[in-house]
There are 2 protein chains.
Amino acid sequence: MPIDREGAAPLYLQIAAELRAGIKAGLWPAGRRLPSETELMNTYGVARLTARSAVRVLARAGEVEVVQGRGAYVRRAA
Amino acid sequence: MPIDREGAAPLYLQIAAELRAGIKAGLWPAGRRLPSETELMNTYGVARLTARSAVRVLARAGEVEVVQGRGAYVRRAA
DNA sequence: AAATATTTGTACGTATGTATG
DNA sequence: GCATACATACGTACAAATATT
(Lines give C-alpha, C1' and ligand atoms only; values in the text may rest on other atoms or scores of the structure.)
Protein backbone atom coordinates (compact mmCIF):
# COMPACT_ATOMS: atom_id res chain seq x y z
CA MET A 1 0.00 0.00 0.00
CA PRO A 2 1.67 3.17 -1.17
CA ILE A 3 1.67 6.22 1.03
CA ASP A 4 -0.60 9.10 0.20
CA ARG A 5 1.07 12.45 -0.06
CA GLU A 6 -2.14 14.36 -0.54
CA GLY A 7 -4.02 12.49 2.10
CA ALA A 8 -5.08 13.40 5.52
CA ALA A 9 -2.57 11.52 7.64
CA PRO A 10 1.00 12.74 8.03
CA LEU A 11 3.54 10.76 6.08
CA TYR A 12 5.36 9.57 9.16
CA LEU A 13 2.14 8.17 10.62
CA GLN A 14 1.34 6.42 7.39
CA ILE A 15 4.74 4.84 7.35
CA ALA A 16 4.45 3.94 11.02
CA ALA A 17 1.21 2.18 10.19
CA GLU A 18 2.92 0.31 7.39
CA LEU A 19 5.63 -0.84 9.74
CA ARG A 20 3.08 -1.94 12.29
CA ALA A 21 1.21 -3.89 9.65
CA GLY A 22 4.46 -5.55 8.60
CA ILE A 23 5.23 -6.56 12.15
CA LYS A 24 1.76 -7.90 12.68
CA ALA A 25 2.00 -9.81 9.43
CA GLY A 26 5.20 -11.42 10.59
CA LEU A 27 7.34 -9.66 8.04
CA TRP A 28 9.72 -8.72 10.83
CA PRO A 29 9.43 -11.17 13.73
CA ALA A 30 10.49 -10.34 17.27
CA GLY A 31 14.19 -9.69 17.43
CA ARG A 32 14.43 -8.83 13.77
CA ARG A 33 15.71 -5.50 12.63
CA LEU A 34 13.41 -3.15 10.80
CA PRO A 35 14.57 -1.55 7.57
CA SER A 36 17.08 1.19 8.26
CA GLU A 37 16.17 4.83 8.03
CA THR A 38 17.97 5.01 4.71
CA GLU A 39 16.02 2.04 3.38
CA LEU A 40 12.78 3.61 4.51
CA MET A 41 13.83 6.83 2.81
CA ASN A 42 14.30 5.00 -0.45
CA THR A 43 11.27 2.78 -0.08
CA TYR A 44 8.87 5.61 0.62
CA GLY A 45 10.71 8.45 -1.04
CA VAL A 46 10.84 10.56 2.08
CA ALA A 47 13.53 12.41 4.00
CA ARG A 48 15.42 10.83 6.82
CA LEU A 49 13.62 12.85 9.44
CA THR A 50 10.31 11.52 8.22
CA ALA A 51 11.57 7.94 8.29
CA ARG A 52 12.93 8.56 11.78
CA SER A 53 9.66 10.00 12.94
CA ALA A 54 7.85 6.89 11.79
CA VAL A 55 10.17 4.56 13.65
CA ARG A 56 9.99 6.77 16.71
CA VAL A 57 6.24 6.24 16.86
CA LEU A 58 6.77 2.52 17.31
CA ALA A 59 9.66 3.07 19.70
CA ARG A 60 7.58 5.31 21.95
CA ALA A 61 4.88 2.67 21.96
CA GLY A 62 7.45 0.10 23.04
CA GLU A 63 6.96 -1.97 19.93
CA VAL A 64 10.52 -1.63 18.76
CA GLU A 65 13.80 -0.81 20.41
CA VAL A 66 16.14 1.56 18.62
CA VAL A 67 19.87 1.20 19.16
CA GLN A 68 22.35 3.73 17.88
CA GLY A 69 24.63 2.37 15.24
CA ARG A 70 22.55 -0.79 14.85
CA GLY A 71 18.94 -0.29 14.06
CA ALA A 72 15.40 -0.69 15.30
CA TYR A 73 14.57 -4.10 16.65
CA VAL A 74 11.14 -5.62 17.00
CA ARG A 75 10.24 -6.43 20.57
CA ARG A 76 8.42 -9.59 21.32
CA ALA A 77 4.82 -8.87 22.08
CA ALA A 78 3.98 -8.60 25.76
CA MET B 1 40.20 28.60 -2.17
CA PRO B 2 38.76 28.06 1.27
CA ILE B 3 35.23 26.85 1.66
CA ASP B 4 32.54 29.30 2.60
CA ARG B 5 30.40 28.30 5.53
CA GLU B 6 28.04 31.21 5.23
CA GLY B 7 27.76 31.02 1.50
CA ALA B 8 25.09 29.85 -0.76
CA ALA B 9 26.41 26.46 -1.80
CA PRO B 10 26.32 23.47 0.54
CA LEU B 11 29.69 22.55 1.99
CA TYR B 12 29.79 19.15 0.35
CA LEU B 13 29.26 20.71 -3.07
CA GLN B 14 31.99 23.24 -2.43
CA ILE B 15 34.39 20.48 -1.44
CA ALA B 16 33.37 18.41 -4.43
CA ALA B 17 34.20 21.38 -6.62
CA GLU B 18 37.60 21.69 -4.94
CA LEU B 19 38.32 18.05 -5.61
CA ARG B 20 37.26 18.41 -9.22
CA ALA B 21 39.53 21.41 -9.59
CA GLY B 22 42.40 19.44 -8.10
CA ILE B 23 41.85 16.60 -10.51
CA LYS B 24 41.65 18.94 -13.45
CA ALA B 25 44.80 20.68 -12.27
CA GLY B 26 46.61 17.37 -12.19
CA LEU B 27 46.99 17.32 -8.44
CA TRP B 28 45.68 13.78 -8.46
CA PRO B 29 46.29 12.13 -11.83
CA ALA B 30 44.30 9.16 -13.09
CA GLY B 31 44.82 6.16 -10.86
CA ARG B 32 45.88 8.23 -7.89
CA ARG B 33 44.02 8.04 -4.65
CA LEU B 34 42.20 11.08 -3.37
CA PRO B 35 42.75 12.17 0.22
CA SER B 36 40.94 9.88 2.62
CA GLU B 37 37.72 10.95 4.27
CA THR B 38 39.65 11.59 7.46
CA GLU B 39 42.12 13.79 5.62
CA LEU B 40 39.32 15.74 4.00
CA MET B 41 37.74 16.19 7.41
CA ASN B 42 40.92 17.74 8.73
CA THR B 43 41.69 19.74 5.62
CA TYR B 44 38.29 21.37 5.43
CA GLY B 45 37.25 21.15 9.03
CA VAL B 46 34.07 19.26 8.28
CA ALA B 47 32.42 16.11 9.52
CA ARG B 48 33.02 12.79 7.88
CA LEU B 49 29.54 12.74 6.42
CA THR B 50 30.25 15.97 4.62
CA ALA B 51 33.55 14.69 3.27
CA ARG B 52 31.83 11.50 2.16
CA SER B 53 29.07 13.42 0.48
CA ALA B 54 31.61 15.40 -1.51
CA VAL B 55 33.41 12.29 -2.72
CA ARG B 56 30.11 10.68 -3.54
CA VAL B 57 29.31 13.51 -5.91
CA LEU B 58 32.36 12.64 -7.99
CA ALA B 59 31.71 8.94 -7.68
CA ARG B 60 28.17 9.30 -8.99
CA ALA B 61 29.54 11.29 -11.90
CA GLY B 62 31.97 8.48 -12.63
CA GLU B 63 34.99 10.67 -12.04
CA VAL B 64 36.34 8.59 -9.19
CA GLU B 65 35.94 5.03 -8.07
CA VAL B 66 35.54 4.34 -4.38
CA VAL B 67 36.72 1.05 -2.93
CA GLN B 68 36.04 0.00 0.63
CA GLY B 69 39.20 -0.33 2.65
CA ARG B 70 41.24 1.48 0.02
CA GLY B 71 39.98 4.85 -0.98
CA ALA B 72 38.69 6.89 -3.88
CA TYR B 73 40.67 6.58 -7.08
CA VAL B 74 40.69 9.01 -9.94
CA ARG B 75 39.45 7.49 -13.14
CA ARG B 76 41.21 8.33 -16.32
CA ALA B 77 39.16 10.74 -18.34
CA ALA B 78 37.02 9.15 -21.04
C1' DA C 1 49.53 -16.37 10.87
C1' DA C 2 48.15 -12.82 13.75
C1' DA C 3 47.56 -8.45 15.34
C1' DT C 4 47.09 -3.63 14.28
C1' DA C 5 46.13 0.34 11.51
C1' DT C 6 43.76 2.48 7.75
C1' DT C 7 39.79 3.35 5.08
C1' DT C 8 35.25 3.00 3.43
C1' DG C 9 30.29 1.30 4.65
C1' DT C 10 26.33 1.51 7.48
C1' DA C 11 23.42 3.28 11.09
C1' DC C 12 21.44 6.00 14.73
C1' DG C 13 21.61 10.65 17.56
C1' DT C 14 21.25 15.57 17.30
C1' DA C 15 20.94 20.35 15.62
C1' DT C 16 19.81 24.00 12.39
C1' DG C 17 17.74 26.21 8.37
C1' DT C 18 14.04 26.54 5.07
C1' DA C 19 9.45 25.92 3.22
C1' DT C 20 4.55 24.90 3.47
C1' DG C 21 -0.18 24.46 5.26
C1' DG D 1 2.38 29.95 15.98
C1' DC D 2 2.71 25.12 15.17
C1' DA D 3 3.22 20.69 12.86
C1' DT D 4 4.98 18.55 8.99
C1' DA D 5 8.65 17.78 5.79
C1' DC D 6 13.02 18.32 3.26
C1' DA D 7 18.13 19.37 3.24
C1' DT D 8 22.41 20.03 5.30
C1' DA D 9 25.76 19.07 8.79
C1' DC D 10 28.14 17.49 13.02
C1' DG D 11 28.59 13.48 16.42
C1' DT D 12 29.04 8.63 17.78
C1' DA D 13 29.32 3.64 17.13
C1' DC D 14 30.39 -0.46 14.93
C1' DA D 15 31.17 -3.49 10.75
C1' DA D 16 33.75 -4.85 6.67
C1' DA D 17 37.59 -4.66 3.50
C1' DT D 18 42.18 -3.70 2.86
C1' DA D 19 47.01 -2.79 4.05
C1' DT D 20 50.84 -3.01 7.06
C1' DT D 21 53.74 -4.73 10.62
Side-chain angles (χ1 to χ4, degrees), chain A residues 1-20 22-23 27-28 30-75, chain B residues 1-20 22-23 27-28 30-75:
Chain A
M1 178 171 66
I3 57 178
D4 173 18
R5 288 190 102 86
E6 311 301 320
L11 290 178
Y12 76 96
L13 287 182
Q14 291 183 54
I15 296 172
E18 290 282 308
L19 294 176
R20 270 210 181 99
I23 291 172
L27 220 167
W28 308 291
R32 173 80 112 269
R33 211 201 67 190
L34 289 187
S36 73
E37 296 177 349
T38 303
E39 289 174 312
L40 294 176
M41 285 170 63
N42 295 331
T43 299
Y44 294 106
V46 296
R48 197 184 147 198
L49 173 65
T50 306
R52 274 178 73 68
S53 299
V55 174
R56 193 178 45 186
V57 170
L58 303 205
R60 286 236 203 95
E63 300 170 51
V64 302
E65 181 179 10
V66 183
V67 184
Q68 178 171 357
R70 307 248 216 157
Y73 294 86
V74 178
R75 282 189 150 160
Chain B
M1 178 171 67
I3 57 177
D4 172 18
R5 288 191 101 86
E6 309 302 320
L11 290 178
Y12 76 96
L13 288 182
Q14 293 183 52
I15 296 173
E18 291 281 308
L19 294 175
R20 270 211 182 98
I23 291 172
L27 219 166
W28 307 291
R32 173 81 110 271
R33 209 202 70 188
L34 289 187
S36 73
E37 296 176 350
T38 304
E39 289 172 312
L40 294 176
M41 285 171 63
N42 296 330
T43 298
Y44 295 105
V46 296
R48 198 184 147 200
L49 172 64
T50 307
R52 275 178 71 70
S53 298
V55 174
R56 193 178 45 186
V57 169
L58 304 205
R60 286 237 201 97
E63 301 170 50
V64 303
E65 182 180 10
V66 183
V67 184
Q68 179 171 359
R70 298 230 240 173
Y73 293 85
V74 179
R75 281 187 153 160

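Order of the sequence lines sets the chain letters (A, B, ...), proteins ahead of strands, with each chain counted from 1.
Taking only side-chain atoms of A/Ser36, from C-beta outward, the nucleotide of C/dA11, D/dC6, D/dT8 with the closest atom is C/dA11. Set against C/dT7, D/dA19, D/dA5, the side chain of A/Tyr12 has D/dA5 as its closest nucleotide. Here the side chain of B/Arg48 is nearest to one of C/dT10, D/dC10, C/dG13, namely C/dT10. Distances were taken from every side-chain heavy atom of A/Glu37 (C-beta onward) to each of D/dA9, C/dG13, C/dG9; the shortest belongs to C/dG13.
For A/Tyr73 and C/dA11, the OH to C1' distance is 9 Å, given to the nearest whole Å. In this structure, the CG atom of A/Leu49 is 13 Å from the C1' atom of C/dC12, given to the nearest Å. As a whole-Å value, the separation of B/Arg70 CZ from C/dT8 P is 12 Å. Nucleotide D/dA9 holds its P atom 14 Å from the CG atom of B/Leu40, rounded to whole Å.
Residues from residues 50-66 of chain B lying near DNA chain C, meaning a heavy-atom separation below 4.0 Å, are B/Arg52, B/Val66 in numerical order.
Taking 3.5 Å as the limit, the base of D/dA16 and the side chain of B/Gln68 contain a donor-acceptor pair of atoms between them.
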Side-chain donor-acceptor pairs under 3.5 Å in residues 50-61 of chain B, sequence neighbours left out?
unit_1	atom_1	unit_2	atom_2	d
B/Arg52	NH1	B/Glu37	OE2	2.7
B/Ser53	OG	B/Leu49	O	2.8

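A donor-acceptor pair under 3.5 Å links the side-chain atoms of B/Gln14 to the main chain of B/Ala9, judged by distance alone.
In this entry C/dA1 has no Watson-Crick or G-U wobble partner, no candidate having both defining distances under 3.5 Å.
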- Query: When you look at A/Leu34 and A/Val74, which way does the side chain to side chain contact (heavy atoms under 4.5 Å, CB included) test go after all the steps?
  - Reply: CA-CA 7 Å; A/Leu34 289 187; A/Val74 178; 3.9 Å; yes

